[in-house]
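Here the structure is laid out as structure tokens; the discussion comes afterwards.
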Amino acid sequence: MGINSNDFHDPKIARHLVQRISSACRKPVRFMEVCGTHTVSIFRSGIRSLLPETISLLSGPGCPVCVTAQGEIDAFIALARQPDTIVATFGDLIRVPGSGSSLQREKAEGADVRIVYSTFDAVNLARQNPDKRVVFLGVGFETTAPTVAAAILAAHQEGLNNFFVMSAHKTVPPALEALAAGELNIDGFLLPGHVSVIIGVEAYRPFFDAHRVPCVVAGFEPSDLLQSIAMLTDQVASGRPALENAYPRAVSDAGNPKAVAVMNEVFAVADADWRGLGTISASGLEIRETYAAFDAVRAFDIRVAAKPEPKGCACGEILTGVKIPPQCPLYKTVCNPMAPVGPCMVSSEGTCAAYYRYHGEE
Ligand code: SF4
């Protein structure tokens, strides 16, 4: 059954999909969504309560702020302490606790930290403040990296010499490899919609061919998600794993080659540290030598060291599906959205914040 744009919230369609899932899913299975927006959509729509008990939905490392390593957060804070420097960042990051401070605290103590809504806002800040160095904190997956690359190209073309990016970007397929190599047996992956718009379905082919685990690219509406879960359960029930696309209105096999080309022009693949997953080979994006003048790591001689997570915080286990937020002893007792201990409670896409907001399972 296909879904068209009028069907996203149609209860009849949803009921039909739930019935299909329930009758196909006879044994316990664990599916993981690898996208923070999926996590929020699943909670907001109440999909968990509609599914049979045999299906466990786990949230994976799909929230870019949450997977940013503690050492990277500390490096951002070190940048905010540099003289004559403006740090420009998307909003969520500002409240993430580092080892001894946060960008919010640095701002309160006088650092010039500004929230921007696009990388080009940061380029504008550099234009408007020629006597300052403006550093944009590049956090995100393949969805974000092309726009950051485009901003660097624009700054390069314009000859701006006071705009920098600290790239902490990460890429999704290597994280899937790391999850599949772990001990948590996952029966199927809901693949991220927005990332897939850029990289395309075929970007997951090497992962799928290597592991033969059911994979479905999912959209964000309730019926999109139910349809994707139904496709995963069908694959499990039939014993025929496949790489399928349940979001064809936005995602193609090839993705967006222009965006990928811009990303590849500016960034080279590099190893990256992930909260919860550790260092994953070839899972990050560093600024190429050609654009080294825009690289904050080189310009400010910033070191990114491995750092432990905040004491007692289980974000690492939450991000890999090993635990759910109520299994963290700090959940709701010490850690809440007003006083977050870890990034999973800060970010609007964080699993702990989603549990807290939508009263997830206790
Ligand atoms: Fe970390 Fe708070 Fe989530 Fe526990 S509830 S894992 S302390 S963010």
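Both ligands and their constituent atoms are indexed starting at 1 by order of listing. Remember, predicted model here, so these are calculated numbers, not experimental data.
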> Which of the atoms in ligand 1, numbered in the order shown and given with their element, are less than 4.0 Å from a heavy-atom of Gly342?
Replying inline: 8 (S)

> Can you tell which of Gly312, Pro340, Cys313, Pro343 gets a heavy atom nearest to atom 1 (Fe) of ligand 1?
Replying inline: Cys313

> Is it true that Glu221 and Arg249 make a salt bridge, defined as a side-chain N closer than 4.0 Å to a carboxylate O?
Replying inline: no

>> For residues Phe164 and Val304: do they belong to one hydrophobic cluster (side chain heavy atoms under 4.5 Å, members Ile, Leu, Val, Met, Phe, Trp, Tyr)?
In response: yes

> What atoms of ligand 1 come within less than 4.0 Å of a heavy atom belonging to Cys352?
Replying inline: 3 (Fe), 5 (S), 6 (S), 8 (S)

> Just heavy atoms, cut-off under 4.0 Å: does Cys315 contact ligand 1 by side chain, backbone, both, or neither?
Replying inline: both

> Can you check whether His38 and Phe220 have ring centres sitting under 6.0 Å from each other?
Replying inline: yes

>> Counting the benzene-type ring for Trp, do Tyr204 and Phe189 have ring centres under 6.0 Å apart?
In response: no

>> Assess whether a salt bridge exists between Asp253 and Arg205, defined as any Lys/Arg side-chain N lying under 4.0 Å from an Asp/Glu carboxylate O.
In response: no

> Atoms of ligand 1 less than 4.0 Å from Ala314 heavy atoms?
Replying inline: 1 (Fe), 6 (S)

>> Between the side chains of Arg303 and Asp301, is the shortest nitrogen-to-carboxylate-oxygen separation below 4.0 Å, so that they form an ion pair?
In response: yes

> Within the stated cut-off of 2.8 Å, is an N/O/S atom of Cys335 closer than that to atom 2 (Fe) of ligand 1?
Replying inline: yes

>> Please list, in number order, the atoms of ligand 1 under 4.0 Å from a heavy atom of Met345.
In response: 8 (S)

> Near atom 4 (Fe) of ligand 1, is there an N/O/S atom from Cys328 that is less than 2.8 Å away?
Replying inline: yes

